[in-house]
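Since the structure comes first, as structure tokens, the remarks are kept for the end.
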2 protein chains.
Amino acid sequence: MTVTGSKGRRARLRAETTAEIKKVALALMASGGPDAITLRAIAREMGMTANAIYGYFATRDDLVTTLINDVYTALADAVDAAWEAAPATDPAIRITAWATAFRTWAVVNPQGFRLIYGDPVPGYHAPEGGPAPDAARRVCTGLTALAAAAWPHTQHLYEDSAFGWSDFDQGLLDKVRPAFPDLPPAAVALALRIWGHLHGLVSLEVYGHMHTQTTNPEKLFEEELVQLVQMLGVPRRS
Amino acid sequence: MTVTGSKGRRARLRAETTAEIKKVALALMASGGPDAITLRAIAREMGMTANAIYGYFATRDDLVTTLINDVYTALADAVDAAWEAAPATDPAIRITAWATAFRTWAVVNPQGFRLIYGDPVPGYHAPEGGPAPDAARRVCTGLTALAAAAWPHTQHLYEDSAFGWSDFDQGLLDKVRPAFPDLPPAAVALALRIWGHLHGLVSLEVYGHMHTQTTNPEKLFEEELVQLVQMLGVPRRS
DNA sequence: CAATTTACTTCACAGCGTATAGTTTCTTCA
DNA sequence: TGAAGAAACTATACGCTGTGAAGTAAATTG
């Protein structure tokens with residue numbers, strides 16, 4: 001170990017270069033969309049040859065996969081932080097905070113949102129199981145926390161739910177059930193449905209489809225949240 | 001006029017070639033995704049040179065824009081047909097039919113869905129106002145019909161809505177208000193929110209994000225519809 | 001100091017959109 | 001019928017992309 005805390009100069013330089021490649025790639029994405037992530041453009045920006053990048057990422061898809069992971073993790077961090085920052089005693093505020101953070105992140109990082117949820121980049125094919133199932137599951141777990149917070153008030157609506165544990169992916173359940181042992185399958189289904197609601201509105205907005213219809217997508221989203229909280233039966237000020 | 005009903009052999013051949021280009025492009029899209037729509041591939045398939053296509057479409061984006069229009073129109077046709085086919089006397093069934101047709105179309109034509117709602121194709125930039133605002137508005141009008149059918153039962157939930165006509169795009173209102181003169185702004189907002197709900201669930205499914213969470217996205221969507229009808233307060237069998 | 005590993009460059013290839021120029025074929029009109 | 005013109009299409013070329021193979025220079029290691 002050295003003063004830099006690394007395992008030698010070589011490894012440190014390598015890590016720095018890797019970080020710079022990702023940084024430049026993200027900058028290109030932010031300015032020109034996911035399509036702008038080309039090896040040659042990154043190399044140009046770094047004063048290198050495109051092929052030099054192959055020393056760090058086996059292929060362009062590998063790089064993109066890494067980026068998706070990073071960006072997805074940033075999103076998960078953002079919504080988790082908003083959740084934690086809101087008072088645990090007031091589910092309505094917490095839920096609203098989570099969802100607002102979700103939309104805000106997407107609107108601020110539209111290219112990141114596209115990278116995660118869209119066709120990321122020309123010809124990109126995700127590796128088996130998707131590029132970021134982990135971050136995806138973090139988001140889903142956050143959503144389940146949301147549903148769990150509301151569940152005492154809302155479960156009466158789902159008493160004849162047909163959902164069983166077998167309707168869900170085992171990987172998701174492995175994360176969700178330990179965290180919320182008392183939650184029934186119907187609540188997980190509710191969480192996924194809420195995800196769909198929020199994702200739909202945000203996605204239409206980010207991809208510019210809402211813009212052709214409403215001049216105020218933010219207002220629409222806020223209305224959605226009001227109705228969501230109301231639908232969940234969560235008391236508005238506790 | 002001739003027996004073929006065309007304006008001359010030349011024009012007919014031209015129309016046929018145009019149609020073939022689009023047909024081949026759609027076939028390529030269906031098999032390889034929107035990315036597979038390349039002029040050279042189309043030309044190869046047709047036994048032509050890539051440049052020959054420039055006689056029919058000024059640029060590749062032009063072709064893609066036309067395709068989006070066609071595909072979007074097909075989607076609009078599908079949901080409209082489902083709406084019309086369902087009994088006008090039962091809003092619950094009509095709404096369910098519309099939404100089911102929406103998801104079914106998307107699941108059957110995932111590449112078409114991506115073409116319409118995703119980053120269509122590498123480097124594609126939609127012309128001003130989007131490529132298919134017309135078809136988009138047809139879908140929105142259908143959604144508004146949905147909201148209108150439910151409105152008598154559900155308006156009591158939105159009596160203190162803050163929405164005004166200025167919150168919506170004029171082009172949308174021009175189509176919607178004549179068709180539903182008595183509908184308030186709050187109902188249009190509801191329609192857009194419902195669009196978001198459905199789009200989100202379908203979009204997550206089509207893009208493979210649901211697959212990592214649930215083994216049964218169809219069931220989830222059906223649950224959504226049950227809850228949607230319930231939320232709207234529409235009587236279930238009239 | 002010599003051997004090896006690592007980082008990077010150079011060259012090459014195929015595929016992409018598309019601009020320009022040239023060629024062939026069809027339509028039209030005197 | 002034959003010449004003029006338009007239309008359809010091809011050929012060539014340029015710059016962009018990802019990526020493979022081979023070569024080079026520097027750092028590390030024995």
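All heavy atoms count here, side chains included; hydrogens, waters and symmetry mates do not. Numbers restart at 1 for each chain; the letters A, B, ... are given by sequence-line order, proteins then strands. Small disclaimer: the values here were computed from a predicted structure and weren't measured.
The nearest whole Å value for the distance from the CZ atom in A:Arg60 to the P atom in D:dC16 is 17 Å. The separation between B:Arg40 atom CZ and D:dC16 atom P is 15 Å, rounded to whole Å. Atom C1' of nucleotide D:dT28 and atom CG of A:Leu13 are separated by 13 Å, given to the nearest angstrom. Rounded to whole Å, the distance from CG on A:Asp61 to P on D:dG20 is 11 Å. Taking atom CE of B:Met46 as the reference point, atom C1' of D:dC9 lies 12 Å away to the nearest angstrom. C:dG22 atom C1' lies 13 Å from atom CG of B:Asn51, rounded to whole Å. Counting to the nearest Å, the C1' atom of D:dG20 and the CG atom of A:Leu39 are 13 Å from each other. In this structure, B:Phe57 atom CZ and C:dT18 atom C1' are separated by 16 Å, rounded to whole Å.
To the nearest 0.5 Å, atom NZ of residue A:Lys175 and atom CG of residue A:Asp169 are 12.5 Å apart. One distance of note links CG of A:Leu220 with CG of A:Leu225; it measures 10.0 Å at 0.5 Å rounding. We find the NZ-CG distance between B:Lys219 and A:Asp167 to be 3.5 Å, quoted to the nearest 0.5 Å.
Distances shown here put a side-chain N or O of B:Arg14 below 4.0 Å from the OP1 or OP2 atom of D:dA8. Contact between the side-chain N/O atoms of B:Tyr56 and the OP1/OP2 oxygens of D:dC9 is found at a separation under 4.0 Å.
Annotation: side-chain hydrogen bond (donor to acceptor under 3.5 Å, both in side chains) contacts involving residues 75-86 of chain B, sequence neighbours excluded, comprise B:Asp77-B:Arg138, B:Asp80-B:Arg138. The side-chain hydrogen bond (donor to acceptor under 3.5 Å, both in side chains) pairs that include a residue from residues 97-113 of chain A are A:Arg103-A:Glu205, where partners are two or more places apart or lie in different chains.
Among the atoms of the strands shown, none is found under 4.0 Å from any heavy atom of A:Thr17. Residue A:Thr49 is classed as a base contact, given a heavy-atom separation below 4.0 Å to a base.
Picking from C:dT18, C:dA12, C:dC11 the nucleotide with the shortest atom distance to the side chain of B:Thr59 gives C:dT18.
Each of B:Ala50 and A:Met48 was matched to the nucleotide of DNA chain C holding its nearest heavy atom; the match closer to the 5' end belongs to A:Met48. Between A:Arg44 and A:Ala58, the one whose closest nucleotide on DNA chain D sits nearer the 5' end is A:Arg44. Both A:Gly47 and B:Tyr54 lie close to DNA chain C; mapped to their nearest nucleotides by heavy-atom distance, the more 5′-ward contact belongs to A:Gly47.
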